[in-house]
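I have placed the structure first, in the form of structure tokens, so that the comments after it can refer back to it.
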Amino acid sequence: MAEENKPKNDFNPFGGLKNNGKIKKPKFNSYWIYGIIMLAILATQLFTMGGGAQETSWKVVQDRIIPNGDLKKVEVIRNKGIVNIYLKPETLEKYSELNSNSMFKASKLGPHFYFTIGDIEVFEKRMEEAQKKLPQEQRIYPVYTEQRDWFSDIMPWILPLLIIAIWIFFFRKMNKNSGGGGVFNVGKSQAKLFEKGDKTNISFKQVAGLAEAKEEVEEIVSFLKNPSKYTQLGGKIPKGALLVGPPGTGKTLLAKAVAGEADVPFFSMSGSDFVEMFVGVGASRVRDLFKQAKLKSPCIIFIDEIDAIGRARGKNPNMGSNDERENTLNQLLTEMDGFDTNSGVIILAATNRADILDKALLRAGRFDRQIQVELPDLNERKEIFDVHLKPLKLDKDLNKEFLSKQTPGFSGADIANVCNEAALIAARNDKKSVEKQDFLDAIDRIIGGLEKKNKIIKKEEKSTIAYHEAGHATISWFLEHAHPLVKVTIVPRGKALGAAWYMPQERQITTKEQMLDEMCATLGGRVAEEIIFGKISTGAQNDLEKVTKSAYAMISIYGMSNLVGNVSYYDSTGQSDYSFSKPYSEKTAELIDSESKKLIDNQYDRAREILLEHADGHKKLAELLLEREVIFSEDLEEIFGKRQWEIPNNI
Ligand code: ADP
Ligand code: ZN
């Protein structure tokens, strides 16, 4: 149930890779269905014979029409095997009861009836037979015609055209989905081009923090602006730079700023744009991109999420499916080798997984520079807040320092999101300016999801949640290295039913003691349930998952167990595939299991001791929580006294 206010790029040692290659499905436009239906109706209209004649049988003609002498004309349409019967106009009335067709009256001229025949000669014989009794001058002899109807004549032409049209339509649809033009452009690059002097231009001023990264890319700007300065002395201008860092840290922003500052065109594309369901499309898009870029040189090509195509070749276990991606990557490598170093095209690419990229991409002459774009620290967060608070109407008393302290682990994109969300919350409450509380609500919402005040929770459940959360809070209060508590709530939010929020310190390295303390505090929830209610619930699943991961990491990755020793089975290069075989023996696996269990059991016992020792306080806290739903560190201070360990100021 505890949802810690922690950096969100959780360390996940054996985590799988995200699949970046999206397949876009074409959508079928309903207008086409209407069109086809219309055509079908038209066709049946044209096929109904004689414009409204009534179908009848030879028998009617033989027994009624001919003996009565009402027949005016018999027309045999040879190519269709149809006989049209024309009646004398004054006799039409007699046959109206045979006629279900209302058109009958409208077309006085006829034909009035028709029927189909098998063989013309047989029909002629029958006609003769039927008219034997009539006087010679009253006998009618069939006339023969052929009916060309344009529709069935052109149908063989129309049909393939129609199919081609539908085909083109699908392709265009598909292309549109991936941002491109018509069917013949599948292989064209889908890059968005930002021309020089566009209004959307971004300058370095809009990129806050990231001082080192900025310094490095400033050099690239200088290459583009004044290449001769470098080439004069025989130096080669680098072809590409790779921006590496977690999502939302401003990699795209930085690349755009480079283009803006250098005042050159900027081609922007995502790695997944190269991936299409057709073979060879990716490679041809790469070729096209470079062709276009050379025409616009000097310019910048930016490929976001390059890991979608740049993943190490031949490592993917689902064989065959990645051939297309490999071709694309090979083409990219070829193009990067192919163009002249001094041609003025610089390629920037962004990824958050530099470790899984193919080594060939990182070789000299390709992406030979790597620029780290890290999550912002306290000061950088303040700068980013400065940028994003500028357009907002703020309350006078708002303290930016406070905001940056409240947002450890947030990326630039998260901060931009907080600012926007805060403004929306303030507007919803009809405020004139955005206040501190709006920002706090926005932060809560971004970390924990939307509050669900209306979720129905039974009374016993509520009390279980309260004691569980109070357990976390109590234990963390008495542990030196546990993160200082900010607040505890039992208002359901997102998926969590309750949460204890901490202020994580920004550490570069974490000691074993710190990890153990955190583990102990995380187990506090389950311990509290066991002590108070004598039974345990599923509510601690999230806590247990966290504890288990951390215990295994301590032993098999950080080498923190004496028995297993100073070994680390984590492969940061991502080149070996541990999902099939573990890099250690069965015996070691057993040892890792038992050591992890021992670690967790020890911390569980420790948590239990602490909770039993402070049982009164724990109970008070839980009751207070049930009463108020949200409590802050001040309330804990009132119950337990001042926390022994001050909140360090360096966060
Ligand atoms: P990335 O490409 O690293 O995933 P983006 O560059 O797309 O991240 O960042 C998304 C948004 O977050 C940007 O448009 C910007 O509003 C905000 N942002 C991220 N980092 C910064 C920063 N250092 N300074 C100012 N804004 C930032
Ligand atoms: Zn919990």
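As the structure is a computational prediction, the values presented were derived from the model and not from experiment. We count residues from 1, following the sequence as given. The analysis underlying the following values was restricted to heavy atoms, covering all of them including side chains, and did not include hydrogens, waters or symmetry mates. In listed order, ligands and their atoms are each counted from 1.
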| query | Okay, side chain of K400, backbone of D386: is any donor-acceptor separation there less than 3.5 Å? | reply |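 No, because the side chain of K400 does not come within donor-acceptor range (under 3.5 Å) of the backbone of D386.
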| message | Checking the side chain of D273 only, and the main-chain atoms of S270 only, is there a donor and an acceptor separated by less than 3.5 Å? | response |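 Yes.
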| request: Please calculate the NE2(H468)-the Zn ion (ligand 2)-NE2(H472) angle and round it to 10 degrees. | output: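 Taking the Zn ion (ligand 2) as the apex, I get 90° for this pair.
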| query | Under 4.0 angstrom from ligand 1, any heavy atom of H388? | reply |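 Yes.
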| request: Output the atom name for the N/O/S atom of D543 with the smallest distance to the Zn ion (ligand 2). | output: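 Result for D543 and the Zn ion (ligand 2): OD2.
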Within ligand 1, which atoms have a heavy atom of [X] less than 4.0 Å away?
X: P247; answer: 4 (O)
X: Q206; answer: 24 (N), 25 (C)
X: T249; answer: 3 (O), 8 (O), 19 (C), 20 (N)
X: A208; answer: 22 (C), 23 (N), 24 (N), 25 (C)

| task | If the plane angle is over 60° it's perpendicular, under 30° parallel, otherwise tilted; pick one for H618 and Y467. | result |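 If you compare the ring of H618 with that of Y467, the planes turn out perpendicular.
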Value rounded to 0.5 Å, distance of [atom1] in [X] from [atom2] in [Y]:
X: L626; Y: E469; atom1: CG; atom2: CD; result: 11.5 Å
X: L242; Y: R369; atom1: CG; atom2: CZ; result: 13.0 Å
X: T407; Y: D414; atom1: OG1; atom2: CG; result: 9.0 Å

Would one find more than 12 heavy atoms of other residues, nucleotides or ligands at under 6.0 Å from atom [atom1] of [X]?
X: K462; atom1: NZ; answer: yes
X: E215; atom1: CD; answer: no
X: E638; atom1: CD; answer: no

| field | Six-ring centre of F402, K436 cation under 6.0 angstrom, axis tolerance 45° | value |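 Positive - K436 is close enough to the ring of F402 and near enough to its axis.
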| said: On a heavy-atom basis, I'd like to know which of P376, A413, S411 is closest to atom 10 (C) of ligand 1. | reply: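 The nearest heavy atom belongs to A413.
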Ligand 1 and [X], any nitrogen or oxygen pair closer than 3.5 angstrom?
X: G250; result: yes
X: G248; result: yes
X: D304; result: no
X: L253; result: yes

| request: Using a cut-off of strictly less than 2.8 Å, determine whether E469 has an N/O/S atom near the Zn ion (ligand 2). | output: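 It does not; every qualifying atom lies at 2.8 Å or beyond.
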| Any idea which protein heavy atom is nearest atom 7 (O) of ligand 1, and the distance to it? |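 For this ligand atom, the closest protein heavy atom is T252 OG1, 3.5 Å.
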| message | Please list the nearest protein heavy atom to atom 18 (N) of ligand 1 with its residue and the distance rounded to 0.1 Å. | response |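 For this ligand atom, the closest protein heavy atom is G412 C, 3.7 Å.
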| Which bit of L243 gets closer than 4.0 Å to ligand 1, counting heavy atoms only: side chain, backbone, both or neither? |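 Looking at L243 and ligand 1, no heavy atom falls under 4.0 Å.
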